[in-house]
Protein chains: 2
Amino acid sequence: MATGRTHRPATRSRGIPEATVARLPLYLRALTALSERSVPTVSSEELAAAAGVNSAKLRKDFSYLGSYGTRGVGYDVEYLVYQISRELGLTQDWPVVIVGIGNLGAALANYGGFASRGFRVAALIDADPALTGRAVAGIPVQHTDDLEKIIQDNGVSIGVIATPAGAAQQVCDRLVAAGVTSILNFAPTVLSVPDGVDVRKVDLSIELQILAFHEQRKAGEEAATPDGGGPAAVARKESADKGPDGDVPAVMPA
Amino acid sequence: MATGRTHRPATRSRGIPEATVARLPLYLRALTALSERSVPTVSSEELAAAAGVNSAKLRKDFSYLGSYGTRGVGYDVEYLVYQISRELGLTQDWPVVIVGIGNLGAALANYGGFASRGFRVAALIDADPALTGRAVAGIPVQHTDDLEKIIQDNGVSIGVIATPAGAAQQVCDRLVAAGVTSILNFAPTVLSVPDGVDVRKVDLSIELQILAFHEQRKAGEEAATPDGGGPAAVARKESADKGPDGDVPAVMPA
DNA sequence: CCATCTTTGTGCACGCGTTCACAAAGACAT
DNA sequence: ATGTCTTTGTGAACGCGTGCACAAAGATGG
């Protein structure tokens, strides 16, 4: 750990820019919606609008995948769905384990967006013996003691961590040791992983803080807006000193 | 609803780059942890390691806020905590409403990371009459009919959407009409909002799809191994880029 | 077959973000 | 004071991502 030096030299995965990869799921969702409405073809302009991006960007993104469009017509929806799915690896089955079955873990287990895209919740794991055996989203919760066996028996390579912050690194280490090479982390902690292991982080409070920053800026500049005093919240008198409020937020209080 | 402009206006918010703003919460968390351990000062190198970023990047980030460090010593932890909190607008109270109290909404309501950073869940809102009146995380759920009144009475400017995809746009429109100017969207949909409203998106399935892409690539490059290709990929020393600092992505602004 | 129209695919330029490398600044010891 | 040591703050170079603008490619109609 302590990745002191040699950071990633280039972030191009097989010639496809990382930024493009991050948008492919967006296109895929829009295309899937079109497919369900039996729309045969779509132009870059239309699809871009549906995905909320610039049409030039979309065309460039697709150009990295190959030339799948027809000039003067657009893109074949079904064909493009297949190509993007294949590129993202969604044509195969990805068994996933969720560790930490609190409120968030349960929400994830129930989330329908997984199964519809090749992800299969292979197991739910929690350290609380009281949960063991109970079913969440129709899947029985298993105890952390069996983590390694579960990973290996199911050939799991993607793990989701939804534990409290304090347990995240330990769980991460065990997942990696057992063979997991991709981790989606919901715990508010920086995880250390060896090279070759991908970690993506989702942090609910960080997103809100970024919004707060912009919100504060908007409120501050609103003093000059022509529009009458908006009903927007007035900057309340600060008072709550940072205080040592239990910062370490447990993702779930069991 | 002409164009779904959900991407940031690329406006250098008060001279502070967007990328820097996105990292400030990361620094803040690391600093808070140091503060609780009564560490008086910290060097850019140490703090960068704790936050999982490059030290040069961290110093440049702080340089946008001003010169808060002492050469030869480092940064005063308490002072920096205050400066970043103030910059992010966390020294004031931010009432927030959560719309859609399903599994995810409940998880968010219970999430401890909000209250500890100036965010206060002012209300929970759901369209299901069966939920109305029931308490989740100690907060009574109110009906969607009262959405506008709740927003205005509480001076809410930040809304969290955790509804099914089909209801998201409608909820969004009502929130915006009632005065909300920042939205955190968990529904898998592209929201259309007028200028001046910020939207940040968190999409669980998109993150997994991005991981799957890299996972597939790793597996594909390992095909050279004599093994017939078992489903379980072995963590192997490989030049898998994508450094340890998994930045958000999609959310990126998504 | 030719003209015209539509839409893709991409060369190019620009700006943002990242990283390096080092001078400036302060602490500390002598 | 002076020198040495540590660490910040930043100028500059570089690479990536984005968006413009247009030529190429194919459809379509006469």
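The figures here come from the full heavy-atom set of this structure, side chains too, leaving out hydrogens, waters and symmetry mates. A note on names: the letters A, B, ... follow the listed sequences, proteins ahead of strands, and every chain is numbered from 1.
The side chain of S44(A) places no N or O atom within less than 4.0 Å of a non-bridging phosphate oxygen (OP1 or OP2) of dT7(C).
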Considering only distance and modelled atom types, tabulate donor-acceptor pairs under 3.5 Å from the side chains of residues 68-75 of chain A, sequence neighbours left out.
from: Y68(A); atom 1: OH; to: L65(A); atom 2: O; distance (Å): 3.3
from: Y68(A); atom 1: OH; to: Q83(A); atom 2: OE1; distance (Å): 3.0

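Put simply, the side chain of K60(B) and the base of dT19(C) share a donor and an acceptor less than 3.5 Å apart. Between the base of dT7(D) and the side chain of R71(B) there is no donor-acceptor pair shorter than 3.5 Å.
Between the side chain of Q216(B) and the backbone N or O of A212(B), no donor-acceptor pair lies under 3.5 Å. Judged by distance alone, the side chain of S35(A) and the main-chain N or O of L31(A) form no donor-acceptor pair under 3.5 Å. In this structure a side-chain-to-backbone donor-acceptor pair under 3.5 Å is missing from K201(A) to F186(A). Judged by distance alone, the side chain of Q169(B) and the main-chain N or O of S192(B) form a donor-acceptor pair under 3.5 Å.
Note: CG (N54(B)) to C1' (dA21(C)) measures 13 Å, nearest angstrom. Protein atom CG of D76(B) is 13 Å distant from nucleotide atom P of dT8(D), rounded to whole Å. In this structure, K57(B) atom NZ and dG15(D) atom C1' are separated by 13 Å, rounded to whole Å. Whole-Å rounding puts the F62(B) CZ to dT19(C) C1' distance at 17 Å. Rounded to an integer number of Å, the gap from D61(B) CG to dC16(C) P is 16 Å. To the nearest angstrom, C1' of dT10(D) lies 14 Å from CG of L58(B). Spacing between atom CG of L80(A) and atom C1' of dG9(C) amounts to 14 Å, rounded to whole angstrom units. What separates CZ of R59(B) from P of dA21(C) is a distance of 13 Å, to the nearest Å.
Checking R23(A) against T70(B), the closest nucleotide of DNA chain D that is more toward the 5' end is the one next to T70(B). Both V73(A) and A56(A) lie near DNA chain C, and the one whose nearest nucleotide falls closer to the 5' end is V73(A). Both S67(B) and G72(A) lie near DNA chain D, and the one whose nearest nucleotide falls closer to the 5' end is S67(B).
Listed by chain and residue number, nothing satisfies the salt bridge (Lys or Arg N to Asp or Glu O under 4.0 Å) test with D76(A) (two or more places apart in sequence, or in another chain).
With S85(A) as the partner, the side-chain contact (heavy atoms from CB on, under 4.5 Å) test is satisfied by one option alone out of L80(A), T32(A), L28(A): L28(A).
Taken residue by residue, residues 27-43 of chain A places heavy atoms nearer than 4.0 Å to DNA chain C at S43(A).
Residue contacts for Y75(B): at a heavy-atom cut-off of 4.0 Å it reaches the sugar-phosphate backbone alone, with no base atom in range.
Between dG17(C), dC20(D), dG17(D), one nucleotide has an atom nearer to the side chain of E18(B) than all others, and that is dG17(C).
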